[in-house]
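Quick note: numbers below take in every heavy atom, side chains included, and nothing from hydrogens, waters or symmetry partners. The chains referred to below are lettered A, B, ... by the order of the sequence lines, with proteins before strands, and numbering in each begins at 1.
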Number of protein chains: 2
Amino acid sequence: MNTKRSRRPLTLRDVSEASGVSEMTVSRVLRNRGDVSAATREKVLTAARTLGYVPNKIAGGLASQRVNLVAVVIPSLSNMVFPDVLGGISAELDDTGLQPVVGVTNYSPSREDAVLYDMLSWRPSGVILAGLEHSRAARAMLDNAGLPVVEIMDVDGEPIDTAVGISHRRAGAEMADEILAAGYRRIGFIGTHMPEDHRARKRLAGFEERLGEHGLQLAAREYYQGGSSLLKGREMTERILAREPELDFLYFSNDMIGAGGLLWCMEKGYDIPGRLGLAGFNGVELLDGLPMRLTTTDARRIDIGRRAARLVAGKEPRPESGIIALAPTIMPGETIRKH
Amino acid sequence: MNTKRSRRPLTLRDVSEASGVSEMTVSRVLRNRGDVSAATREKVLTAARTLGYVPNKIAGGLASQRVNLVAVVIPSLSNMVFPDVLGGISAELDDTGLQPVVGVTNYSPSREDAVLYDMLSWRPSGVILAGLEHSRAARAMLDNAGLPVVEIMDVDGEPIDTAVGISHRRAGAEMADEILAAGYRRIGFIGTHMPEDHRARKRLAGFEERLGEHGLQLAAREYYQGGSSLLKGREMTERILAREPELDFLYFSNDMIGAGGLLWCMEKGYDIPGRLGLAGFNGVELLDGLPMRLTTTDARRIDIGRRAARLVAGKEPRPESGIIALAPTIMPGETIRKH
DNA sequence: CGCAATCATGTTACCGTTATCTTTTATGCC
DNA sequence: GGCATAAAAGATAACGGTAACATGATTGCG
C-alpha cells in the first residue's frame, strides 16, 4: 500500500512518470477538467493512488489564481453561538467546493486586524466576518482585496459589502415590548462589560429606548467581566437582587447567564414568572432541558450562516441594499407571564 | 488612506516600485529577515502600508517550501470539549508563528479521510488529529507526508507518530472504583450509540472491566442517537429508571447528558447522592452552575491541546515511547456519596 | 591606508501547479 | 475516402514570492 517513506515529496511529475503521460494530463485527471480518455484517466488515477499522491494546493492556487477558501472571522468559539453559525456555513458551502477557514479575534479589534491580514494573505475567495464595526485598516484591507465580504450577525449599520443578520436594536425593543405587555415594570439588566461587544450594546440600547417610550427606565444593571457561565449568571443575579430586591424582571444579555439566573431564582424559591420574570438572548439548545423554559430571542444563527455562505458562494445575488435582515423571533418560554 | 480600488491585485513588485528598492528587499522587510537598513525599512513599510499591500502566502509558501499552518482535525465542534482543546492549542501556538486550521469530521471515517486529504494538500507544518483509530488510507497519507503528527485525546493504542491524551480505559476504571468504594452496586450506563466514538467505547470497556473484577456487571444500559443535550439526558434518565427502578447509580458518557439527568432526578425528588448517585465525564464549565455539582472526570482537554501544540511546534521533544499520557482526574462533586 | 569582515542590497533560478496555445489523433459525414 | 471537426494529449510560460549566491558599500583595525 504505502511506498517506503521517500524523503522527496511527491509531485505531479512523479505521477506523470509513473503513468506515462504528461503532467498536464495528470493535472486534468485529478481535477476532472478538460477531455481525457477513460483509459488514461484510469491509468493516472491508479498511479496517483498507489504512490499516495496528494495535490499541492499551494502551487495550484498560485497557478490558477484561485483558492477555494472562505475566511470566517468571529469573536469567540466558546460562545455557543459560533458552532451554529459555522454549521450553517458549512452546510451551504458543502456542495460548492469552498471550504471555511476560521479565525478567532476574542473581541479585540487589533486581533481582528491581525487575523484578517493573515486570512487575506491566503487570498481566499470570500470573507465572512462577524459584526459591522471594524477598524479603518480592516475596512481598507477588505476594500482592497476585491472579494465578496459578508458581515454577519448584525444589520444595524453600514456594511462594507453585504450584511446578513438581525437587528439587535429591534431584538432588544421587541423583548421590551413583550416584557411590558406582560405587565412587568421594575426591570433589571445583566450583561458583560465588553465595550467591543457591539451587538450586546445595541440590543440594550434598543431595549432601553423602548422602555423610555413607555416612560420607564432600567431599575438596575449589573455588568460582569469575562466569559459567560451558569455560575456567573447565578452570582450576578444574586448581586442585582440583593441591591434591588424590588425588581420584577431580569433581562440577561445571553442565555447562559440567563439560565444560571433562572436556576438560582428557582432554588431561592422565587415565584417565576409571577413575582419575577426572566429573559435571555440567543435561543440555544441548552435551554431545552432546563427545569423551566427560559424566554429568549432566537438570533437566527443557522439561517445567518446559511445566507452568508450562499452569498459568498454566489448561490444568491447580493441584494441591492447590501443588507439581508432576518427577523429575530421571540421564543416565549415559561419565564414571562402570559398576557 | 485607501487607494482607489485598483483591479490588478498588488504584488511585491508594486511595493518595490513605490519604494524604489528591489522586490527582495521588500520581502526581507516584510518578513523581518536579513539585514536591512533602518532607512529603507521605513520607506518600504510606509509604501506597503499606503498601498495596502497584503503578502501572498500562496506564493511565499511555494517559494519557501514551508507553510505556517497546523492542521487540526476533530470530530465535532459542538461537543463543548473541542473548543477547550483548541484553546490550548492556540495558546501554545501563539508565539510560534504557526496557525491552527480546523477541520471537522462528524465522527465519520470517510469524512476524516477527505478532510485530511484536503488539509495535507496545503502542506501544513504539522497535523493534530483526534483519536488513534484511522483508516488505512489516512495512516498512509500521514506516513507519506513526512511531518509531525500528534494524535490527541486518547492513548489506548498505537500512535502513528505521537499521542497525547488520557487513557479512557483508565478513566472508566477509576470512576468505577470511586463508585464501588462509595457502596453503589446497581449501576446503569447512558451513552451515545456511536460506533465511531472510540473513546466513549473504551471508557465504558474500562468501566465494565473494573465492575467485573468486583463480580458485578452493569444493571442496565441505554443508548441514544444524535447529539448530547440536557433534554436528551432527561429523556434517557427517565427511560432507564422506568425500566430499572432499582438502580442506585447512573454513569453518563458525558457531562451534558449527565447534567440533564441530574436536573431530572432532582425534580423528581430523588435523594442524591443517597438513594441514587450520578457521574458524568469531561469536566466542563457548565457543571459549575448546576444546582448540585455533578461528579465527573476531568479529561484534561486544555493540557492535551497545549502539549500537542508544543510537540508540533518543536517546543518539546517527542518522547521515546511516542506517548504522553496525562492522568484523568476525578472531580468529586456532590452526586456521589462520601466514603 | 589597506584589507578583511560585515552590512546592505541586487540577481537569478526555481517552487509545483494551471492557463493557454499547439499539435496529434480519432470521429463524423456526404 | 477525404476533409472538416472534435477529442486527447503535450509544450510553454506564467503565478508571486523566497533561497542562495553575488555584488557594492561600510566599517574596523593594525
Exercise. Could you say whether B:Ala63 or A:Ser27 is positioned toward the 5' end of DNA chain C, judged by the nucleotide with the nearest heavy atom to each?
Key: B:Ala63
Practice problem: Considering non-hydrogen atoms only, spot the tightest contact between B:Ala163 and B:Leu132 and give its length. | Solution: CB-CD2, 4.0 Å
Quiz item: Is B:Tyr53 near enough to D:dG16 that one of its side-chain N or O atoms lies under 4.0 angstrom from OP1 or OP2?
Solution: no
Quiz item: Quick one: is D:dG16 close enough that its OP1 or OP2 comes under 4.0 Å of any side-chain N or O from A:Gln65?
Solution: yes
Self-check item: B:Arg13 CZ: over 12 foreign heavy atoms closer than 6.0 Å
Solution: no
Quiz prompt | Contacts of B:Ser16 that satisfy side chain to side chain donor-acceptor pair (under 3.5 Å) - sequence neighbours left out | solution = none
Quiz item: Taking for each residue the nucleotide of DNA chain C bearing the nearest heavy atom, is the 5' side occupied by A:Arg66 or by A:Ile58?
Solution: A:Ile58
Quiz item: Does OP1 or OP2 of D:dA9 have a side-chain N or O of A:Ser37 closer than 4.0 Å?
Solution: yes
Quiz item: Between A:Thr25 and D:dA8, does any side-chain N or O lie under 4.0 Å from OP1 or OP2?
Solution: no
Self-check item: Phosphate OP1/OP2 of C:dG10 contacted by B:Ser22 side-chain N/O (<4.0 Å)
Solution: yes
Exercise. Please state whether the phosphate of D:dT18, meaning OP1 or OP2, lies under 4.0 angstrom from any side-chain nitrogen or oxygen of B:Arg31.
Key: yes
Self-check item: Atom of A:Ile89, atom of A:Gly305 and distance for their closest heavy-atom approach
Solution: CG1-O, 3.4 Å
